[in-house]
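The structure appears right after this line, and notes come after that.
Letters go in sequence order (proteins before strands), and every chain restarts at 1. Just so you know, these numbers use all the heavy atoms, side chains as well, and skip hydrogens, waters and symmetry mates. Note that the structure is predicted; figures quoted are calculated from it, not measured.
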Amino acid sequence: MRQIEVSNCSYIYQPGTINAHQALDQINIAIDAGELTAVIGHGGSGKSTLALLLAGLFAPSSGEVKIGDGRIPPEQLFRQVGLVFQYPEHQLFASSVFEEVAFGARNAGTAEDYLPVKVRQALETVGLDPDLYWHRSPFELSGGQKRRVCLASLLAIDPAIIILDEPTAGLDAAGRRWLKNLLRELHCQGKTVLWISHDMSEVAELAERVIVLERGRVIADGATASVFSCEEQLAAAGLEIPQSARLVRELKARGLAIPGEAVTVDGAFAEIAAYLGGDGSV
Amino acid sequence: MIEISKLGFSYDKQQAPIISGLDLTIREGEWLTVLGRNGSGKSTLARLLNGLLLPSAGQVCVDGLTTLEPDQLWRVREKVAFVFQNPENQFIATSVEDDIAFGPENLGYPREEIIQRVERALELMNLQPIRSKAPHLLSGGEKQRVAIAGALAMASRYLVLDEPTSMLDPQMRRAVLESLHFLHRELGMAIIYITNIMEEALLAERIIVLDQGRIAREGTPVEIFADQQWLLSMGLDLPQISRLSGMLDQAGYHQFAGIVDFQQLLETILCAK
């Protein structure tokens, strides 16, 4: 089922002024329900603008963004599309974790006596013990915990589409692992997940599909392995494939009899081990 | 030289200290990377180095000046510059050049000298084309380079960077790292680099791994990344090349043990048969 349809969509910041800047240029993207998609591209390529358009926070300068059947009024869109901004912890405001997480759900019309249930579920999903955190101020939590609170706020609204702008930026290894698992879990629950990332190894590991933006245009869109096989094209867009992917491609280019298609460490290991002889369990 | 002895710090006396009993010497001109999971004390240690935070116990001495003496603290801040994670958080002026001039102006240098210092910093960091732009209109990578230029204009000898690239895309990240290499190699500036990105950790001459406010281990990148199980237990990731060579080692190809360098792994595979 088609869930997001972006047709001929452009977005211009400050149109008609000397600072006018075209962030998106006639973009076409169609995403089905349940897809797990990564959006990559260097700074200024239009990734965050795309996220804002999908969430209905910006209206396209031209073209159309259609969510679901396209009949959701803009002010109701936030129930369907949840957007987690870059560094969402900068926008915390409430005096307790409960109030913070309940805010969106309350605005979405969740009954007051049902809110605690929603908040509890959401906190459990992000791995925060509700009893320990309920009354604490979100401001006194660590960076990683703050980010979990922000994600819980979104999950409490239970949107069908979840968009995240660089959710792993600034997290440590454990935090990144946790977030990757959360994305996987949301995907398994049938959510449509689209996330923006600068971490190519994370994209290689997780994404089913990758959309590459460059100067406001989609320059590649397809299955992860096939997008990462166009190394030159990515390099032109200022992106690098993960080191393990680069390694097997370089080995192949140097004449080694391997497929040279892997994009993850595990995939690269399998290729190299197979070449070295046998199945890797010498 | 930055000499840190028996350093302790806590934000709140009721709670466990963030840093405790930490001894460390940072040599002039070295590139030191600080690793550790969130909450291990990395950022706190960084802020203790130039007196943004003051020790609760022990002391930090920079070229013989201690951060504990208010009249020495300003000299320390001249020597030890700081670049924060979020480039938004460190601008005060309305143009790039004014921002770079802010440090030396505050130190009361004569106008001629300030101009010279700013010109040189703009030139070295390749910022002349955007010298009169407003900082908030710059890209993240440009902002970080302006912050680094500010340190240059102060003639700081030590540059502390707290995850300076975590908000940048790969291209800007490369540009910032190149700027740092230049400062390190050509001007002999010491780089104290905090990061969560393991590929960046490999650039160091020396790595310390913090855990619960103490130095859990120190060594060269090759030494640190040799013990993969231990690194994982410290809550750290492995660089992709390390993971790959570790898996090959475990699969019985012991010639791959401990390789952290892309080229070296490539050559070793090519020569394996």
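Residues of residues 259-267 of chain A lying under 4.5 angstrom from chain B, judged on non-hydrogen atoms, are A:Val265, A:Asp266 by number. Scanning residues 209-248 of chain B against chain A with a 4.5 Å non-hydrogen threshold yields B:Gly235, B:Leu236, B:Asp237, B:Gln240, B:Ile241, B:Arg243, B:Leu244, B:Met247, B:Leu248, sorted by number.
Taking both residues in full, the closest heavy atoms of A:Ala273 and B:Tyr253 are given as O-OH, 4.0 Å, listed atom of the first, atom of the second, then distance. Pairing each heavy atom of B:Pro170 with each of A:His198, the nearest pair is CD-ND1, 3.7 Å.
Atom CZ of residue A:Arg246 and atom CZ of residue B:Phe262 lie 4.0 Å apart, to the nearest 0.5 angstrom. Here the OG-CD distance, from A:Ser201 to B:Glu199, works out to 6.5 Å after rounding to the nearest 0.5 Å. Note that the CG atom of B:Asp169 and the CD1 atom of A:Ile40 stand 11.5 Å from one another [nearest 0.5 Å]. Here B:Asp261 contributes atom CG and A:Gln243 contributes atom CD; the two are 9.0 Å apart, rounded to the nearest 0.5 Å.
Counting heavy atoms from C-beta outward, B:Asn196 and A:Leu171 have side chains that stay 4.5 Å or more apart. Between A:Arg254 and B:Glu267 the shortest side-chain heavy-atom distance falls below 4.5 Å.
Of the atoms belonging to B:Tyr11, not a single heavy atom falls under 4.5 Å from chain A. Looking at A:Ser142, there are no atoms closer than 4.5 Å to chain B (heavy atoms on both sides), in backbone or side chain. Proximity to chain B (any heavy atom under 4.5 Å) is shown, for A:Leu247, by both the backbone and the side chain. Contacts between B:Leu168 and chain A at a heavy-atom distance below 4.5 Å involve the backbone alone (N, CA, C, O).
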Steps toward side chain to side chain contact (heavy atoms under 4.5 Å, CB included) verdict (B:Arg174, A:Glu240): CA-CA 11 Å; B:Arg174 260 197 308 280; A:Glu240 265 171 14; 2.6 Å; yes

Residues B:Gln250, A:Phe269; criterion side chain to side chain contact (heavy atoms under 4.5 Å, CB included); working and verdict: CA-CA 11 Å; B:Gln250 278 200 345; A:Phe269 169 72; over 6 Å; no

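Around the CZ atom of A:Arg217, the shell of radius 6.0 Å holds no more than 12 heavy atoms that belong to other residues, nucleotides or ligands. Residue A:Arg215 places its CZ atom among 12 or fewer non-hydrogen atoms of other residues, nucleotides or ligands, all under 6.0 Å distant.
Interface check for chain B: of the options A:Ile272, A:Asp172, A:Asp199, the most heavy-atom pairs under 4.5 Å are formed by A:Asp172.
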